[in-house]
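Read the structure below first, then the notes.
Numbers here are sequence positions counted from 1. Atoms within a ligand are numbered from 1 in the order they appear, just like the ligands themselves.
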Amino acid sequence: MIEQLAAQAAIAMDNARLFEQAEWAQTELKRSNGELRRVNQDLETFAYSASHDLHEPLRTISISAQLLERSCGEELTEESASFLRSILQGTDRMNTLLSDLLTYTKATKYTEGPPPAVESESVLRQVLETLNVPIKEADAVVTWDTLPLVHLHEGRLSQVFQNLISNAIKYRGKDIPRVHISVQERDAWLVFSVADNGIGIDRRYADQIFGLFKRLHSREDYPGSGIGLAICQRIIEQYGGRIWLEKSSPGEGSTFCFSVPARVR
Ligand code: ADP
């Protein structure tokens, strides 16, 4: 009996030790989660203020350069005029970069309340109207299947469609750009696809292209800031979904997919 009691006491002591360790691990996890959240929030606030506040001085530089060009453009030497053009191009580029960064940071601010039900097809039609000029310029043909009702904030869905479709047109090959948008229901998810017949992407970069500022081409070949897909990823992940490069190979077009919950959670 004494042996039995001793064994039970040993088990009880082991349990107490394990319990204490588990409690410590939980407290530690909570602490580091809190710290991570704080650091993330600080970073977001920093990125938001930087991109927001930098617009103002940039505008001053840009307006001053424009005034300078207007008032003494004729008198400038060829070299000075080229410096001035570089300033104007630089400010234009920085302006786009700051706006894209601001859109990226705003993509996590949940100020709109729970997602309403929206007709994804009508969101798509509006996006195509916005992209009317690049679509016409490229002679692009955009087609789509019947698209469903989804529970997403309209502005966010519109941003995702816009980024994917404008990329599909921008990274076009020699043929007339063709873009097709379709959807499939898989388990509890709606999986949207945006397929193009453009220049395609080497599979090695399938994950990297979603990184902030990650680009596979020079600005001279294709303009852009490398933020578009990162914005899409940030938006889609907020709704618990995923976005990925489904298939692509150089010269044969690309298909991007994103999933969103089929029903409200
Ligand atoms: P940006 O277009 O401003 O460079 P994105 O984040 O939208 O930034 O895209 C990242 C990179 O992924 C692009 O620079 C391009 O190399 C590649 N990419 C994106 N979409 C496509 C596409 N439809 N076809 C080919 N390449 C693409």
Do the charged groups of [X] and [Y] touch, with an N to O distance under 4.0 Å?
X      : Y      : result
Arg17  : Glu20  : no
Arg215 : Glu220 : no
Glu129 : Arg125 : no

Side chains of Thr45 and Gln41: donor-acceptor distance under 3.5 Å anywhere? no
Heavy-atom proximity to atom 23 (N) of ligand 1, best of Asp202, Asp196, Val194, Leu97: Asp196
Residue-ligand contact [X]/ligand 1, heavy atom below 4.0 Å:
X      : value
Phe256 : yes
Gly198 : no
Asn163 : no

[Y] side chain reached by [X] side chain, heavy atoms, under 4.5 Å:
X      : Y      : answer
Val142 : Leu131 : no
Tyr171 : His217 : yes
Phe192 : Ser182 : no
Val183 : Asp145 : no

Atoms in ligand 1 with a heavy atom of [X] nearer than 4.0 Å:
X      : result
Lys170 : 1 (P), 2 (O), 3 (O)
His217 : 15 (C), 16 (O)
Gly200 : 25 (C)
Leu229 : 5 (P), 6 (O), 7 (O), 9 (O), 10 (C), 12 (O), 19 (C)
Ser225 : 3 (O)
Gly224 : 3 (O)
Gly226 : 1 (P), 3 (O), 4 (O), 6 (O), 8 (O)
Leu216 : 14 (O), 16 (O)

Nearest protein heavy-atom contact for [atom]: which residue, which atom, what distance?
atom                    : result
atom 11 (C) of ligand 1 : Lys214 O, 3.8 Å
atom 26 (N) of ligand 1 : Ile201 CG1, 3.2 Å
atom 13 (C) of ligand 1 : Tyr171 OH, 3.2 Å
atom 4 (O) of ligand 1  : Arg215 NE, 2.5 Å
atom 7 (O) of ligand 1  : Asn167 ND2, 2.8 Å

Distance col, row Leu152:CG vs Glu154:CD, nearest 0.5 angstrom, shows 10.5 Å
Could you give the distance from CD1 (Ile235) to CD1 (Ile243), rounded to the nearest 0.5 Å? 9.0 Å
Angle between ring planes, His153 versus Tyr239, binned at 30° and 60°: parallel, tilted or perpendicular? tilted
One residue to check: [X]. Relative to ligand 1, which of side chain, backbone, both or neither has a non-hydrogen atom less than 4.0 Å away?
X      : result
Ile227 : backbone
Tyr222 : neither
Ile209 : both

Closest heavy-atom pair and its distance - Lys170, Pro223: NZ-O, 2.7 Å
